[in-house]
Amino acid sequence: MSAIFSPGKLMLTSEYFAIDGALVLAVPTKLGQEFFFEEKDDNQSLILWEALHQNKPWLKAVIDYKTWQILETNIPSSAEFIVKTLKNVQQLSTTKFKNDFTYHLKTNLQFPADFGLGSSSTLMNNLAEWADVDPFYLNTISLGGSGYDIAVAKEKSAVLFQSKPEIRYEKVDFNPSFKNELIFIHLNQKQDSREGINLYKSKKKSQELVNEFSDITKKILLCNELESFSDLMMIHERKISNFIEIPTVKEKIFSDCPVFVKSLGAWGGDFVMSAKFGGFNNYFWEKGFTTIFEWSDLINL
């Protein structure tokens, strides 16, 4: 079987405000999603879909793509999402699902699904590369979202991304001298980003505020010292907290932490970023957060 790989992502700046065109800095993770594919000319018109989570079987489905009927599956709701997405692939592609071949398609998500590193975006990018279609458009009609995660998956690089006035992004060399001082802590729960986005969309915002997040992103990209980086991260957290009227993760959980703590992506779950300090492992473990990564463990730059 042939294979394609897309890395996961972490959004370092402009969460929520990415929707309104704020400049985003996002980085790729070492772990991502593999996609294996094989086509057989057998006049069956079937898709044999197999999805693994960390090499362990998760979803199986047999789909007739002439009628888009699910003939067999172990998780109907997940199989329905796959059908919806593959129908979109069929509509966009000039070659896939246009004949009566059997397609054996297999995915392997390398990170736990509750990590929030992009299980959907890596799938969209893999399918788009396989079918030679626009990954941003496939993502828009299948899922929605700003598309920054697709840019990271596609370029396999740190990116500066803007969703408005149209999607624009560029690969950037984000290699801060203090990167080995940074840590990433998982909050033991998956956050529903749609819920956070709906809250954000319900509030009035100004272009001036959107621009402030773009300015912070530009400054972060140029940071040479951990101290100035930390200050910018705290300013970023405070601005979002004031706007969405939710306490920062530091206020809620880590009020006695001696360094900055910043949410990454939708607030309330997934990962936060912080910096090393004396006894940092014990500090987070005692609060029940034992999944801690250093930069070199998690980020693929």
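Excluded from the calculations below are hydrogen atoms, water molecules and symmetry mates; all remaining heavy atoms, backbone and side chain alike, are included.
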What about the rings of [X] and [Y], do their centers lie closer together than 6.0 Å?
X: Phe178; Y: Phe229; answer: yes
X: Phe293; Y: Phe184; answer: no
X: Phe289; Y: His186; answer: no

Answer yes or no: does atom [atom1] of [X] have more than 12 heavy-atom neighbours from other residues, nucleotides or ligands under 6.0 Å?
X: Lys203; atom1: NZ; result: yes
X: Glu166; atom1: CD; result: yes
X: Lys40; atom1: NZ; result: no
X: Lys287; atom1: NZ; result: yes
X: Lys219; atom1: NZ; result: no
X: Glu227; atom1: CD; result: no
X: Lys30; atom1: NZ; result: yes

Going by atom types alone, do [X] and [Y] pair a side-chain donor with an acceptor below 3.5 Å?
X: Ser6; Y: Asn126; value: yes
X: Trp68; Y: Gln90; value: yes
X: Lys84; Y: Asn88; value: no
X: Glu15; Y: Tyr200; value: no
X: Asp100; Y: Tyr65; value: no

So, do [X] and [Y] sit near enough that their side-chain heavy atoms are less than 4.5 Å apart?
X: Gln207; Y: Val210; answer: yes
X: Thr107; Y: Leu52; answer: no
X: Ile220; Y: Met233; answer: yes
X: Tyr148; Y: Ser163; answer: no
X: Val24; Y: Thr217; answer: no
X: Ile167; Y: Gln162; answer: no
X: Thr95; Y: Asp132; answer: no
X: Gln54; Y: Pro112; answer: yes

Using atom types as modelled and distance alone, determine if a side-chain donor or acceptor of [X] lies under 3.5 Å from a backbone N or O of [Y].
X: Ser274; Y: Phe260; value: yes
X: Ser177; Y: Asn224; value: yes
X: Thr29; Y: Ile299; value: no
X: Lys60; Y: Leu48; value: no
X: Thr73; Y: Ala61; value: no
X: Asn125; Y: Thr122; value: no
X: Asn55; Y: Asn108; value: no
X: Ser230; Y: Leu226; value: yes
X: Ser241; Y: Ile246; value: yes
X: His104; Y: Phe37; value: no

Is any NZ, NE, NH1 or NH2 atom of the basic residue among [X] and [Y] found under 4.0 Å from an Asp or Glu carboxylate oxygen of the other?
X: Glu237; Y: Lys250; value: no
X: Arg238; Y: Glu251; value: yes
X: Lys106; Y: Glu34; value: no

Value rounded to 0.5 Å, distance of [atom1] in [X] from [atom2] in [Y]:
X: Leu12; Y: Ile216; atom1: CG; atom2: CD1; value: 13.5 Å
X: Leu105; Y: Glu38; atom1: CG; atom2: CD; value: 10.0 Å
X: Asp270; Y: Ser263; atom1: CG; atom2: OG; value: 9.5 Å
X: Leu199; Y: Phe243; atom1: CG; atom2: CZ; value: 8.5 Å
X: Leu138; Y: Met124; atom1: CG; atom2: CE; value: 5.5 Å
X: Ile4; Y: Glu129; atom1: CD1; atom2: CD; value: 4.5 Å

Whether [X] and [Y] hold their rings parallel, tilted or perpendicular, with breakpoints at 30° and 60°:
X: Trp130; Y: Tyr103; value: perpendicular
X: Phe284; Y: Phe254; value: perpendicular
X: Phe277; Y: Tyr283; value: perpendicular

Test of understanding: clusters of I, L, V, M, F, W, Y form through side-chain heavy atoms closer than 4.5 Å, transitively. Do [X] and [Y] belong to the same one?
X: Phe101; Y: Leu46; value: no
X: Val83; Y: Leu71; value: no
X: Phe81; Y: Val62; value: no
X: Phe136; Y: Ile141; value: yes
X: Ile63; Y: Phe36; value: no

**OP:** Evaluate the side chain to side chain contact (heavy atoms under 4.5 Å, CB included) criterion for residues Val133 and Tyr137: first the C-alpha distance (whole Å), next the side-chain angles of each, then the deciding distance (0.1 Å), finally the verdict.
**Re:** CA-CA 8 Å; Val133 302; Tyr137 190 57; over 6 Å; no

Original post:
Going through the distances and angles, do Trp58 and Ser78 end up as a side chain to side chain contact (heavy atoms under 4.5 Å, CB included)?
Top reply: CA-CA 10 Å; Trp58 174 62; Ser78 297; 3.6 Å; yes

Original post:
Thr291 and Ile185: side chain to side chain contact (heavy atoms under 4.5 Å, CB included), yes or no, with the steps?
Top reply: CA-CA 6 Å; Thr291 305; Ile185 304 101; over 6 Å; no

**OP:** Could you give me the CA-CA distance, side-chain angles and deciding distance for Asp42 and Thr102, then say whether side chain to side chain donor-acceptor pair (under 3.5 Å) is met?
**Re:** CA-CA 6 Å; Asp42 61 0; Thr102 287; 2.8 Å; yes

Original post:
Between Phe174 and Leu301, what is the shortest heavy-atom contact and its length?
Top reply: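 Looking at all heavy atoms of both residues, the shortest contact is O-CD1, 3.4 Å.
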
Original post:
Which pair of non-hydrogen atoms, one from Lys164 and one from Ile19, has the smallest distance, and what is that distance?
Top reply: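 Smallest interatomic distance, heavy atoms only, reads CE-O, 3.4 Å.
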
Subject >> Intermediate values then yes/no, side chain to side chain contact (heavy atoms under 4.5 Å, CB included), Ile240 and Phe17 >> reply: CA-CA 9 Å; Ile240 288 192; Phe17 286 84; 4.1 Å; yes

Original post:
Could you walk me through whether Phe5 and Phe35 pass the ring pair (Phe, Tyr, Trp, His ring centres under 6.0 Å) check?
Top reply: CA-CA 6 Å; Phe5 173 79; Phe35 180 72; over 10 Å; no

